[in-house]
Amino acid sequence: MKPTITLLLLAAMCLAGCMTTREARVDSDYSYRGNFRHYRTYDFVTGTGLTSDSSRLGQTLREAIQQRFLAQGYRKASRRPDMLVNFRVYEGDMNFHGFQQEDLSQWIKRNIEENDDTPKEDRQGYQPVRLLLAEGTLLVTLIDVKTNRAVWNGYASGVTVPEGPMGEIVLKRSVRSILDRYRVFTEEFANGNVNPTGANDTER
């Protein structure tokens, strides 16, 4: 029995190592017009594909995002949310156009959000970066409902989703890694005024 147990442990360690390597690339970018200081509520994009998937894997993604947003003070709202959340898993390699930017939290602290009235000479330019994301990518996008613009993208490459419980583990780890790049807390949360039950589906 001991050799069998040893082989199983080695196989598990190798699998964990492969998962870590494949999920090594995690990054994000954002819009300088994002109104991040004022977002309070969110809902999920509905439609076709994984966002409307009622399977366990689709539900696992939604639950992982909800748990993280709850920890940062956001409430899920079915009517007039501030943000819509979209997510999608791309199979195989993927060419992605991102941007080279400073950390989102640091940019927010500098309070230099742009809008239509910002003079051209005061606007920050985007520095495009072309990326090859390999072996499957999970992409999470936040959309400002008022402007209907994507204001934040977070992505993890090397996301291969196996069947069964291991697939749920991979997706949860990927969501956690991606949203580690979105460390934006609501003002109510920062001031200690968030009711934990406020994360349930509400109407505004």
Side-chain angles (χ1 to χ4, degrees), residues 8-9 11-30 36 39 41-78 81-98 103-105 131-145 150-186 189 196 199-201:
L8 288 174
L9 288 174
M13 291 172 65
C14 290
L15 177 60
C18 290
M19 289 174 60
T20 301
T21 301
R22 290 177 180 175
E23 295 186 24
R25 181 157 204 140
V26 180
D27 213 334
S28 63
D29 55 62
Y30 55 90
F36 298 102
Y39 298 142
T41 58
Y42 72 95
D43 200 1
F44 292 96
V45 170
T46 58
T48 59
L50 192 59
T51 50
S52 62
D53 187 357
S54 59
S55 71
R56 184 57 195 163
L57 291 181
Q59 187 61 26
T60 294
L61 272 171
R62 283 187 286 270
E63 289 175 355
I65 293 170
Q66 285 181 225
Q67 289 174 2
R68 184 54 178 266
F69 275 6
L70 170 61
Q72 294 179 210
Y74 295 93
R75 293 181 296 110
K76 188 173 181 294
S78 60
D82 300 322
M83 297 187 296
L84 289 176
V85 182
N86 191 35
F87 54 82
R88 184 173 176 180
V89 176
Y90 297 86
E91 298 181 358
D93 295 349
M94 174 184 174
N95 288 311
F96 189 82
H97 295 273
D103 180 77
L104 175 60
S105 299
L131 305 171
L132 175 62
L133 305 181
E135 301 183 38
T137 298
L138 172 61
L139 175 66
V140 178
T141 301
L142 305 182
I143 302 166
D144 186 310
V145 172
V151 293
W152 187 85
N153 284 312
Y155 41 92
S157 64
V159 181
T160 301
V161 184
E163 297 289 338
M166 184 58 69
E168 298 179 27
I169 293 173
V170 169
L171 288 177
K172 287 179 180 179
R173 287 179 55 193
S174 299
V175 168
R176 183 169 63 247
S177 297
I178 290 171
L179 293 183
D180 277 346
R181 308 280 304 185
Y182 186 79
R183 293 186 176 275
V184 183
F185 298 85
T186 65
F189 183 91
N200 295 328
D201 204 340

Working note: Lys76 + Asp43, criterion side chain to side chain contact (heavy atoms under 4.5 Å, CB included); need CA distance, chi angles, decisive distance, verdict. CA-CA 6 Å; Lys76 188 173 181 294; Asp43 200 1; 3.2 Å; yes
Would you check, one step at a time, whether the test side chain to side chain donor-acceptor pair (under 3.5 Å) holds for Arg68 with Gln72? CA-CA 7 Å; Arg68 184 54 178 266; Gln72 294 179 210; 3.0 Å; yes
Checking side chain to side chain contact (heavy atoms under 4.5 Å, CB included) for the pair Phe44/Ile65: CA distance, chi angles, key distance, verdict? CA-CA 10 Å; Phe44 292 96; Ile65 293 170; 4.0 Å; yes
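The structure places OH of Tyr90 at 10.0 Å from CG of Leu138, a figure rounded to the nearest 0.5 Å. Separating the CG atom in Leu131 from the CG atom in Asn95 is a distance of 9.0 Å, to the nearest 0.5 Å. Between atom CD1 of residue Ile143 and atom CH2 of residue Trp152 there is a gap of 12.5 Å, rounded to the nearest 0.5 Å. For the atom pair Thr141 OG1 and Leu84 CG, the distance stands at 11.5 Å (nearest 0.5 Å). Taken to the nearest 0.5 Å, the CG atom of Leu133 stands 6.0 Å off from the CE atom of Met94. With values rounded to the nearest 0.5 angstrom, Leu132 atom CG is found 8.5 Å from Arg25 atom CZ.
Contacts of Phe69 classified as ring pair (Phe, Tyr, Trp, His ring centres under 6.0 Å), with partners at least two apart in sequence or in another chain: Tyr42, Tyr74. For Tyr155, the ring pair (Phe, Tyr, Trp, His ring centres under 6.0 Å) partners are Phe96, not counting sequence neighbours.
The shortest heavy-atom contact between Asp93 and Ala134 is OD1-CA, 3.3 Å. Across all non-hydrogen atoms, the minimal contact from Val151 to Tyr39 is CG1-OH, 3.7 Å. The shortest heavy-atom contact between Gly154 and Ser28 is CA-CB, 4.0 Å. Residues Thr160 and Val170 share a closest heavy-atom pair of O-CG1, 3.8 Å. Val161 and Gly167 make their closest contact through CG1-CA, 3.8 Å (heavy atoms, listed as atom of the first residue, atom of the second, distance). Here the closest heavy-atom approach between residue Ala77 and residue Thr41 is recorded as CB-CB, 3.8 Å.
For Ser105 (side chain) and Arg183 (main-chain N/O), a donor-acceptor pair under 3.5 Å exists by modelled atom type.
Counting non-hydrogen atoms of neighbouring residues, nucleotides and ligands closer than 6.0 angstrom, the CD atom of Glu91 reaches no more than 12 such neighbours.
The side-chain contact (heavy atoms from CB on, under 4.5 Å) test with Val184 is passed by exactly one of Leu142, Leu104, Leu179: Leu104.
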